[in-house]
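Just so it is clear: chains get the letters A, B, ... in the order the sequence lines come, proteins before strands, and each one is counted from 1. Here the structure is a predicted model, which is why all the values come from computation and not from measurement. Hydrogens, waters and symmetry mates play no part in the numbers below; they use all other heavy atoms, side chains included.
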Amino acid sequence: MFSDIQQTLENAIHSVLTAQGVTPLPLKWAPVPFAGEWGISTSFFHIAAEEARAGRASGKPVPLRAQELAETVRNRLGRLPGISRLEAVKGYLNFYFEANTYARRVVEAVLTAGPNYGRGAPKGERVMVEYAQPNTHHSFHIGHYRNAILGEVLARLLEFAGFETIRASYPGDIGLGVITTIWAYDKFYKGQEPEGIHERGQFLLKIYAEATALLEEKENETPEEAARRQQYNTERREMYRKWDAGDPYVRQLWQTTREWSLEELRDILRMLDIRIDVWFFESEMDGPAKAIVEELIAKGIADDERPNGGPVIVRIDEKLGLKKETYRTNVILRSDGTTLYLTKDLALAKIKFEQYHVDRSIYVVDVRQSMHLQQAFAILRLWGFPQAEKCYHLGYGFVSLPEGAMSARRGRVVLFKDVVDEAVRRVLAVESEKSPQMSDEERRQVAEQIGLGALAYSMLSVDNNKDIVFDLDAALSLEGRTGPYLQNAHVRANSILKKARAAGLALPLESLPALEYELTRHEIDLIEQLARFPQVVEQAANEYRPLVMASYAYDLAEAFHSFYHAVPVLQAEQSHLRDARLQLVIAAKQVLANALRLLDIQAPEVM
RNA sequence: GCCUCUGUAGCUCAGUGGACAGAGCGUUUGGUUGCGGACCAAAAGGUCGCGUGUUCGAGUCACGCCAGAGGCGCCA
């Protein structure tokens with residue numbers, strides 16, 4: 001927000017330095033790091049160091065010389081418009097703003113732009129974000145949730161920063177796991193269908209877990225058990241073959257159960273306020289994938305080892321001319337002629353580039369698939385897609401439980417739906433005590449917003465590349481650095497405004513009050529946070545890091561809570577003070593709402 | 001064996017090469033006849049895994065160790 005001021009100051013400093021016979025270098029700027037003070041700061045260490053290197057040394061150590069330069073510049077700059085005070089300390093030069101002037105500018109900018117405050121200019125680039133890729137026939141767990149919330153927030157950040165954004169989901173609706181489930185369903189549960197969307201999803205998960213247990217080789221198994229296991233395996237393989245051949249019975253069975261899973265997925269996405277633009281399905285990539293294998297063989301990129309009973313492979317390092325082992329060798333078609341995940345990913349990438357004309361493609365996928373995706377991108381380069389340079393894997397650490405990795409087979413899974421239900425229960429317990437006047441309907445709705453907010457923030461406040469050991473109590477905590485803390489700031493702002501309106505004030509006020517009084521440090525801190533928001537949007541989007549926005553949102557909420565306690569608004573002694581602070585509260589509420597929206601956390605009016 | 005990621009307060013985590021390394025939880029203490037206490041204010045708590053470099057300056061960059069997690073041609 002202050003880049004113009006920064007430029008003016010930098011020019012002024014350069015001319016002072018030049019007049020002193022000092023060679024100026026570009027300056028680095030940062031906010032003054034002291035609470036309750038408002039300004040920007042630069043330092044002279046690098047200029048002093050350069051002098052020393054060039055042999056124009058004054059003989060002084062660098063820090064001393066930097067301080068000398070800072071003092072010289074301070075003494076010669078004189079009065080600057082908009083700057084109330086200058087300070088040279090420890091090699092730094094601090095410029096303190098005329099707080100009232102800038103405070104007014106910030107509040108005005110927020111109130112004028114409203115929900116669009118912080119929105120970046122159009123970037124003229126189309127980005128596709130692929131996330132929400134759970135397998136069907138398997139219920140949605142807390143690990144899938146991390147993926148979904150991360151992808152959605154990334155999409156929101158990119159969109160708000162000015163990219164044309166397409167949200168894509170890619171459920172794995174075929175594969176050995178899927179076939180295992182429908183085989184067991186057909187054999188042991190044929191015709192059964194539980195009532196309720198989530199009950200059906202969990203039913204499939206139970207069947208999957210039972211089936212994998214049956215198919216797993218056990219220690220000390222009797223010859224009868226071994227024979228039975230092999231029989232089951234044969235049946236499963238036969239079912240996969242039938243699916244591949246388009247057998248109507250197997251296809252129907254698959255369609256029905258697949259729809260149960262997709263219904264559950266759609267319900268969860270609705271709960272998370274995620275609207276997917278494009279659905280791709282793994283089952284639809286099979287045909288295109290097979291065609292691609294032939295094309296890659298014809299182009300000499302892939303080697304066909306099928307004549308010798310082997311698979312079709314791509315020797316990536318060799319084809320790229322790499323001496324060092326980097327991408328190794330990949331199988332793109334099994335020796336039995338069936339495709340693999342990688343082959344389907346190649347087919348999907350082609351569709352993204354050719355049908356959706358994306359300039360950039362972001363894959364939000366578990367970090368364990370990092371190697372796999374790098375291989376896919378390398379093959380796309382070999383294949384000749386220029387967009388392959390703009391494929392980016394946003395990896396994230398996986399979610400495990402205190403007792404180890406999640407495993408459906410061992411019945412060790414934390415389901416998203418169960419966590420949400422528990423969250424709502426806990427919030428309701430707090431709510432009934434704190435907000436006894438709320439209607440049951442409203443209470444239920446707010447409880448879901450708060451519970452989901454707590455969960456979302458617990459995932460987003462950890463950096464992408466860190467693994468998470470899921471702790472229910474920590475994730476659903478309502479106090480401290482949590483989603484509800486942010487939501488509470490919004491509610492408190494709303495509460496003040498509601499009271500003001502009830503007292504007969506028309507908000508927002510017709511004209512912006514002048515802010516011609518001495519601002520408290522709490523007001524300055526709050527306004528500085530409001531001013532930061534646009535750069536935070538830019539940074540979070542550029543770095544693909546929701547954490548940057550999550551941290552900021554906490555800083556903003558903290559500044560508001562402190563302000564709320566220390567600075568009277570409706571009880572202000574004079575009406576012009578009250579009016580100015582009311583405008584500030586409106587602005588704070590707006591920026592809180594904007595930040596929460598980007599984090600996919602609801603901003604309730606009451607809680 | 002090779003590659004990637006992680007290591008910061010008792011625990012969970014932030015931390016643009018720059019000023020005294022910051023939060024939350026937990027511990028201890030204080031705060032509402034007040035705009036909602038899901039809050040605020042404060043105290044205690046640190047060899048930033050270890051070492052060597054680069055730099056005026058390193059938690060941050062490079063290299064080497066140690067520890068943990070993950071990956072490495074027919075799973076997804």
Side-chain angles (χ1 to χ4, degrees), chain A residues 28 30 32-34 41 43 45-46 48-53 61-66 89-92 94 133 135 172 175-177 282 305 310-316 324-336 338 340-342 344-345 365-372 374-375 395 397-398 400 405 427 430-431 433-435 450 454 458 461-463 465-469 471 473-474 477-485 487-489 491-500 539 547-548 550-551 554-555 558 561-562 564-572 581 585 606-607:
Chain A
K28 281 184 293 186
V32 169
F34 313 118
S41 158
S43 69
F45 299 105
H46 61 305
E50 184 53 36
E51 276 186 350
R53 270 193 294 274
V62 168
L64 249 82
R65 175 60 179 154
V89 49
K90 294 181 184 173
Y92 291 85
N94 298 328
Q133 318 98 325
N135 287 346
L176 197 59
E282 206 177 323
E305 295 184 343
V312 179
I313 62 168
V314 181
R315 297 182 215 274
I316 306 175
K324 229 179 83 182
E325 187 176 66
T326 309
Y327 300 108
R328 300 170 181 247
T329 296
N330 254 138
V331 173
I332 58 169
L333 195 72
R334 289 193 189 92
S335 42
D336 67 2
T338 54
L340 291 108
Y341 186 54
L342 175 71
K344 292 168 190 160
D345 249 349
V365 181
D366 190 321
V367 73
R368 284 176 293 189
Q369 292 180 42
S370 170
M371 174 76 167
H372 163 86
Q374 293 313 316
Q375 290 170 330
F398 77 118
S400 63
V427 176
V430 176
E431 237 174 19
E433 169 192 333
K434 293 187 191 286
S435 315
I450 305 297
S458 78
S461 58
V462 178
D463 216 344
N465 55 4
K466 283 229 163 102
D467 293 343
I468 293 180
V469 178
D471 174 342
D473 290 331
S477 166
L478 308 176
E479 288 168 18
R481 202 176 202 285
T482 64
Y485 180 91
Q487 293 170 313
N488 191 29
V491 166
R492 284 178 141 183
N494 182 60
S495 177
I496 292 178
L497 300 176
K498 206 167 52 184
K499 275 232 156 90
Q539 190 198 343
L547 166 69
V548 170
S551 298
Y554 176 78
D555 292 343
E558 186 186 38
H561 280 303
S562 297
Y564 177 89
H565 258 274
V567 184
V569 178
L570 296 177
Q571 281 91 1
R581 287 173 180 163
V585 171
V606 290
M607 67 189 270

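Annotation: rU33(B) and rU27(B) have their P atoms spaced 26 Å apart (nearest Å). Separation of the P atoms belonging to rG59(B) and rU16(B) is 13 Å when rounded to the nearest angstrom. Taking atom P in both rA44(B) and rU29(B), the straight-line distance is 15 Å, to the nearest Å. Look at the P atom in both rG68(B) and rA62(B): the space between them is 24 Å, to the nearest Å.
In this structure, CE of M607(A) is placed 13 Å from P of rG36(B), rounded to the nearest angstrom. Distance CG (D463(A)) to P (rC5(B)): 13 Å, rounded to an integer number of Å. For M371(A) and rG70(B), the CE to P distance is 17 Å, given to the nearest whole Å.
Nearest to the side chain of P33(A), among rA19(B), rA76(B), rG15(B), sits rA19(B). For P311(A), whose side chain is taken as the heavy atoms from C-beta onward, the closest listed nucleotide among rC74(B), rC39(B), rG34(B) is rC74(B). Between rA76(B), rG36(B), rC35(B), one nucleotide has an atom nearer to the side chain of Y341(A) than all others, and that is rA76(B). Nearest to the side chain of L340(A), among rC2(B), rC35(B), rC74(B), sits rC74(B). For V462(A), the side-chain atoms get nearest to rC13(B) when compared with the rest of rC13(B), rA76(B), rC2(B). Side-chain atoms of R368(A) lie closest to rG70(B) of the nucleotides rG37(B), rC56(B), rG70(B). Here the nucleotide nearest the side chain of R328(A), chosen from rG1(B), rC56(B), rC74(B), is rG1(B). Closest to the side chain of V569(A), from the set rA69(B), rC35(B), rA76(B), is rC35(B). Residue N465(A) places its side chain closer to rC5(B) than to any other of rA69(B), rA23(B), rC5(B). The side chain of V331(A) approaches rG73(B) more closely than any other nucleotide in the set rC74(B), rG73(B), rU55(B).
Counting distance only, with no hydrogens placed and no angle test, the side-chain atoms of H565(A) and the base atoms of rC39(B) include a donor-acceptor pair under 3.5 Å.
When atom types are taken as modelled, the side chain of D463(A) and the backbone of N465(A) share no donor-acceptor pair closer than 3.5 angstrom. The backbone N or O of D473(A) sits nowhere less than 3.5 Å from a side-chain atom of S477(A) that would complete a donor-acceptor pair. Between the side chain of D467(A) and the backbone N or O of F398(A) there is at least one donor-acceptor pair closer than 3.5 Å.
Regarding contacts with the backbone of rG22(B), every side-chain N or O of R481(A) stays at 4.0 angstrom or more from both OP1 and OP2. A close approach under 4.0 Å does occur between a side-chain nitrogen or oxygen of K466(A) and OP1 or OP2 of rA14(B).
Ion pairing of R368(A) with D366(A) is present here, as a side-chain N (NZ or NE/NH1/NH2) and a carboxylate O approach within less than 4.0 Å.
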